[in-house]
Amino acid sequence: MNAVEIEQAITDLAEQPFDRAEFPYAFLEAFGNKATTIKRLRAGASNKSDLGGVLQTSNIHILTCDVGRVTQTLAALKASPATAKAKAKFILATDGADFEAEDLASGETVACAFKDFPDHFGFFLPLAGISTVRQISENAFDIRATSRLNRLYVELLKDNPEWGTAERRHDMNKLMARLIFCFFAEDTDIFIGKGRFTETVAQMSAKDSSNTHEVIATLFRAMNTKREDRAAAKIPRWAEDFPYVNGALFSGGDEVPRFSKIARSYLLHVGGLDWTKINPDIFGSMIQAVAEDEERGELGMHYTSVPNILKVLNPLFLDDLRAKLEEAGDNARVLLNLRKRIAKIRVFDPACGSGNFLVIAYKEMRAIEAEINRRRGEPDRASEIPLTNFRGIELRDFPAEIARLALVIAEYQCDVLYRGQKLALAEFLPLRNENWITCGNALRLDWLSVCPPTGTDVKVLADDLFETPLDQAEIDFENEGGETYICGNPPYQGSVGQTAQQKEDMARVLAPLLKTYKDLDYVAAFVLKAAQFNNFTGAASAFVTTNSITQGEQVAMLWPLVFKECNTINFAHTSFLWSNLASNKAAVTCVILGLTTNPGSERKLFGEGTVRSCANISPYLVAADTVIVTKRSSALSAIGHMQSGNKPTDGGHLTPSTEEKDQIIAASPDARRFLKRYVGSRELINGGARWCIWIEDDDLEEVNRIDILRDRLEKVREMRLSSNGAQANENAATPHRFVFAPHSRHAAIAVPNVSSERRLFLPCEITGYDTVVSNLASVIYDAPLWNLALIASRLHLVWIATVCGRLKTDIRYSNTLGWNTFPVPTLTDKNKVDLTRCAEDILLAREHHFPATIADLYDPENMPADLRAAHDRNDEVLERIYIGRRFKNDTERLEKLFDLYTKMTASAAPAKGKKRKAGANA
DNA sequence: GATCCGACAGCTG
DNA sequence: CAGCTGTCGGATC
């Protein structure tokens, strides 16, 4: 169940008559428990309650009680030994009139009337396996409102399918935005009389709903008609009280789709919520899902949490404003100058969605301005921060519409907060007519047109800089001479997942500048456009992006271009996990990149709860000089030749499990000699056996006589033919061969391509001549053992962890990026002998613990002392070769490696591709 | 011919 | 059901 379905289920539950016996089960069912789970609880098998209630292990202890005994009952639940024993997360007591619950982990409590408990459903979301950021679970209103609007939206489309077509989508989106505005307005006295809009619709529309659309259309028309024009426009008396709202919101057609009885009741139901509680920053990103067919129900899928937004905005400019406020003290003149500065600041989000970042930036700036006004003794003073200084571009129509509305609501709420309801109301209407959120494709628009710099003749230059300049935006900023800050969380998409349109977007931005750009993530185009904008206007930018543009091969593609635009990484936040309300969370690891062309002397590198100042931040987001490592097809140093393992592309038919292998041999003993041991990352690290069918061309005739093998080859052929990949297609005619197969009876040193970041050393292993290593590992065939000493060293791990790509934050080993670029001093014969000895000692130490796996042996908590000692000796010997002593720490290791890499690439002819060393600000 | 990556994906405790 | 940790094969060079 998703959040929308849960909201609906508990809303229904709260409206039903209270049934003491049934309630606990109904409650659990509403939170998505399966029928069988409920059945087992009813039967008592899994019910651990010692108080006659219902206790679900690891979840909740519920007890209903006599009227008036709720508080005592909750206390009893808390004291119950069974609650603790079953590790309940929540306790809940109710008598049908009152409702109390506690989150035992956090100690937070809920106490409300029974009928109101759905208002707190965010509190219980963990019960449904939905973990969420605090802002969302604390703002149940936004979820409930979204959920109800969602139902209304779906119901309206059901009765008015033409409103769902591409031509009418905009009208539909507009309708939703207008309704949201009306709900907000009627609860905040913008409309005279609480609930005025909903009530008017309820009274004036027939119970059978037949004229609901006409009533709403009339109200919309009133809101689009100035007082003096109303008589002429024949606005009926019952609509007279509704103010002239204007704005792009109510102009442009007032057609409304027909409402079924159900749709009408949904509408009244949505209006019944208390819309004063709306949170424009959260609500917007949730409501945008309503209009997306694929996303409907997945509330807040693209929600950027407020802490994450502040990770961007604080270091970008808010921290500085606050510091200046601090410095100003009570000096009225300095405060005035700061207020003037704030009023001229432009914030621009080129992928603004429903305006998340813009709303937060606006609210934070209003807070600072309010403090200035308070200190200057002008608490009632109107804000000088114009909403139109908060500009955005959004591809989708609905969020673009919502973003403007969210800003309007934020402005009103800030006015109420800082100046009082009366002053807020006095100046709220009519809304500004302009639209300062552009609906369009940010990678195809000229940002200088959407967010023009001040005091320059942009038009001419813009034509030089961008391929597709748009017409100048209609409205000018009220910020002559002000600063501009670009921010946001643009879309990420790796090259494989990009749509044709996204690839074309990438081509427009990158093709003129770079030959090989197609492996870049989509978000890289936003980073580059921001860098270009910064360079041209002196703006500064900060985005949340996927961490992959700061890792591996993408670094050498993107960053030289960014540095060429004279940008510096002024601040950055290293990898952190994305989190939102979606039950299947977006599995993505993010970073924050702050760029500017006017850096101060200090760079700030943020981690999880840490900040460090440094002289430079490299594109790998380490505090080091900017050295960019480019992948090579052969080794920079005189070390072994490493290559990819053997790639089957077989749909599983060439790589049977142990069971399948046994079946094959049982069916045809002749097949035995074509089965080899097969290892990938997983088998190298965790042990366990896998098998592959390995057939030399000469044996094909014999294989074809073995039915069970021939059948498998036929399946491989089919799989390769039906694949979208060219290489798979080409190899369909030779299904007995792996599509990439360097192996033929070689022993090898194998390194898993993906492994956990927690280990202190890279996993690596020797494989026998009869083992095939898969494409999930890299191999050096017939290699001298000292190569393993290099791979197993701390130095190598530090290098790999910095310059290779990653899967989330885990280590991803690459021969071209990591091994071939690894700088090693010239090794003497003696060095090689010493290192070989070290490698042997490591292997021997491992053997002492047979049959422990690499995962067991290298568990950072439980590494055996002898293995640890062998690695220490290995590091000692290798590091002495580098600098004649042990390195002090990883920073020093990295410094030396980058230094050596720079020297070696400068002197040696590059193997392939260009070497690059960019200064911090080349 | 070779490889790097995945707004991921599958397993397990 | 969330924490953990690495498959598989396509797109790209």
Side-chain angles (χ1 to χ4, degrees), chain A residues 32-33 58-59 89 126-131 295 298 301-304 489-498 503 515-523 544-549 551-557 577-580 582-590 631-634 642-652 654-655 680-686 690 719-720 722-731 738-742 752-759 763 774-778 804-820 855 859 912-913:
Chain A
N33 281 285
S58 305
N59 264 329
K89 293 191 196 101
L127 282 182
I130 298 176
S131 59
E295 288 178 29
E298 290 293 345
M301 195 153 93
H302 293 280
Y303 174 72
T304 312
N489 175 23
Y492 327 150
Q493 191 57 254
S495 73
V496 173
Q498 286 166 17
K503 287 181 183 181
K515 228 173 28 204
T516 59
Y517 63 89
K518 287 185 181 168
D519 275 326
L520 278 170
D521 194 283
Y522 190 62
V523 77
V544 186
T545 79
T546 167
N547 63 357
S548 33
I549 61 171
Q551 293 164 1
E553 61 175 1
Q554 297 197 39
V555 171
M557 298 182 207
L577 257 177
W578 183 257
S579 64
N580 62 21
S583 41
N584 49 344
K585 292 182 200 175
V588 57
T589 313
C590 302
K631 62 178 175 181
R632 308 171 54 98
S633 57
S634 65
M642 185 184 284
Q643 54 193 321
S644 268
N646 302 273
K647 180 170 178 172
T649 317
D650 63 336
L654 287 177
T655 50
S681 283
R682 192 184 351 181
E683 290 72 31
L684 285 169
I685 293 167
N686 294 313
R690 274 177 86 188
M719 178 270 171
R720 289 186 184 168
S722 60
S723 161
N724 290 320
Q727 193 164 34
N729 298 156
E730 283 163 23
N731 285 278
F738 278 36
V739 300
F740 175 62
N753 279 355
V754 174
S755 62
S756 168
E757 64 173 336
R758 294 171 59 244
R759 299 190 184 102
S774 88
N775 62 319
L776 283 123
S778 300
C804 282
R806 296 202 171 221
L807 181 54
K808 57 177 184 49
T809 56
D810 277 348
I811 306 275
R812 170 166 251 153
Y813 196 92
S814 144
N815 54 344
T816 59
L817 281 161
W819 178 254
N820 291 344
D859 178 344
K912 195 181 175 186

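The model shown is predicted, which means the values in this text are computed figures rather than measured ones. These values consider heavy atoms only, across backbone and side chains, with no hydrogens, waters or symmetry-generated copies. A, B, ... follow the sequence lines: proteins, then strands. Residue 1 opens every chain.
Residue contacts shown for Arg758(A) are limited to sugar-phosphate atoms, with no base heavy atom under 4.0 Å away. If you check every strand for non-hydrogen atoms under 4.0 Å, Gly805(A) touches sugar and phosphate atoms only. Residue-level contact check: Ser58(A) touches neither bases nor backbone, having no heavy atom under 4.0 Å from any strand. When heavy atoms are screened at a 4.0 angstrom cut-off, Asn724(A) is found touching the sugar-phosphate backbone but no base atom. Nucleic acid contact for Asn686(A): sugar-phosphate only, since backbone atoms but no base atoms lie under 4.0 Å from a heavy atom of the residue. As judged by a 4.0 angstrom heavy-atom cut-off over every strand, Pro490(A) is placed among the base-contacting residues. Nucleic acid contact for Ser774(A): none, since no nucleic acid atom lies under 4.0 Å from a heavy atom of the residue. Using a 4.0 Å heavy-atom distance criterion, Arg720(A) is classed as making no nucleic acid contact. Nucleic acid contact class of Tyr813(A) (heavy atoms, under 4.0 Å, all strands): none.
Of the possible polar contacts, one joining the Ser722(A) side chain to the Met719(A) backbone as a donor-acceptor pair under 3.5 Å is found. In this structure a side-chain-to-backbone donor-acceptor pair under 3.5 Å is present from Gln498(A) to Gln493(A). No side-chain donor-acceptor contact under 3.5 Å links Arg812(A) to the backbone of Gly805(A). When atom types are taken as modelled, the side chain of Ser681(A) and the backbone of Asn753(A) share a donor-acceptor pair closer than 3.5 angstrom. Side-chain atoms of Arg632(A) never come within 3.5 Å of backbone atoms of Leu817(A) as a donor-acceptor pair (strictly under, hydrogens ignored). Judged by distance alone, with hydrogens and angles left aside, the side-chain atoms of Gln554(A) form no donor-acceptor pair with the main-chain N or O of Gln551(A) at under 3.5 Å. Of the possible donor and acceptor atoms, none in the side chain of Asn729(A) sits under 3.5 Å from a partner among the backbone N and O of Asn724(A).
Among the nucleotides dT12(C), dG6(B), dC8(C), the one closest to the side chain of Leu776(A) is dC8(C). Here dG6(C) is the nucleotide among dT12(C), dA7(B), dG6(C) with the atom lying nearest to any side-chain atom of Ser756(A). Residue Met719(A) has its side chain nearest to dG10(C) when only dT12(C), dC5(B), dG10(C) are considered. When distances run from any side-chain atom of Glu553(A) to the nucleotides dT7(C), dA7(B), dC5(B), the shortest one goes to dC5(B).
Look at CZ on Arg812(A): it is 10 Å from C1' on dC8(B), rounded to the nearest Å. Atom CG of Asp521(A) is separated from atom P of dC8(B) by 12 Å (rounded to the nearest Å). Put simply, CG on Leu654(A) is 16 Å from C1' on dT7(C), counting in whole angstrom units.
Ranked by how close their nearest DNA chain B nucleotide is to the 5' end, Val496(A) and Lys808(A) are led by Val496(A). Position along DNA chain C of the nearest nucleotide to Asn59(A) versus Thr649(A) favours Asn59(A) as the more 5'-ward residue. Projected onto DNA chain C by closest heavy-atom contact, Thr655(A) and Met557(A) fall at different nucleotides, the more 5' of which corresponds to Thr655(A).
Every residue meeting the salt bridge (Lys or Arg N to Asp or Glu O under 4.0 Å) condition with Arg806(A), not counting sequence neighbours, appears here in chain and number order: Glu757(A). Legend: residues meeting side chain to side chain contact (heavy atoms under 4.5 Å, CB included) with Asp650(A), ordered by chain and number and at least two apart, are Pro648(A), Leu654(A), Thr655(A), Val716(A). Residues satisfying the salt bridge (Lys or Arg N to Asp or Glu O under 4.0 Å) test with Lys808(A), not counting sequence neighbours, are Asp810(A).
Rounded to whole Å, the C1' atom of dC13(C) lies 25 Å from the corresponding atom of dA7(B).
By the 4.5 Å heavy-atom criterion applied to side chains, Thr649(A) and Phe738(A) are not counted as neighbours. In this structure, Ser644(A) and Phe740(A) have side chains that are in contact, with non-hydrogen atoms separated by less than 4.5 Å. A heavy-atom distance below 4.5 Å is not found between the side chains of Ile811(A) and Val754(A).
Between dG10(C) and Ser723(A), a contact under 4.0 Å exists linking OP1 or OP2 to a side-chain N or O. Side-chain nitrogen and oxygen atoms of Arg759(A) include at least one within less than 4.0 Å of the OP1 or OP2 phosphate oxygen of dG6(C).
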Are there any protein N/O atoms within less than 3.5 Å of an N/O atom in nucleotides 11-13 of chain B, and if so, which ones and at what distance?
none

What are the atom names and distances for every N/O pair under 3.5 Å that joins the protein to nucleotides 1-3 of chain B?
from, atom 1, to, atom 2, distance (Å)
dA2(B), N7, Gln727(A), NE2, 3.2
dA2(B), N6, Gln727(A), OE1, 3.0
dT3(B), OP1, Asn815(A), ND2, 2.6
dT3(B), OP2, Ser644(A), N, 2.8
dT3(B), OP2, Ser644(A), OG, 3.2
dT3(B), O4, Lys647(A), NZ, 3.2

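Listed by first residue number, the stems of DNA chain B with at least three Watson-Crick or G-U pairs below 3.5 Å are B:1-6 with C:8-13, B:8-13 with C:1-6.
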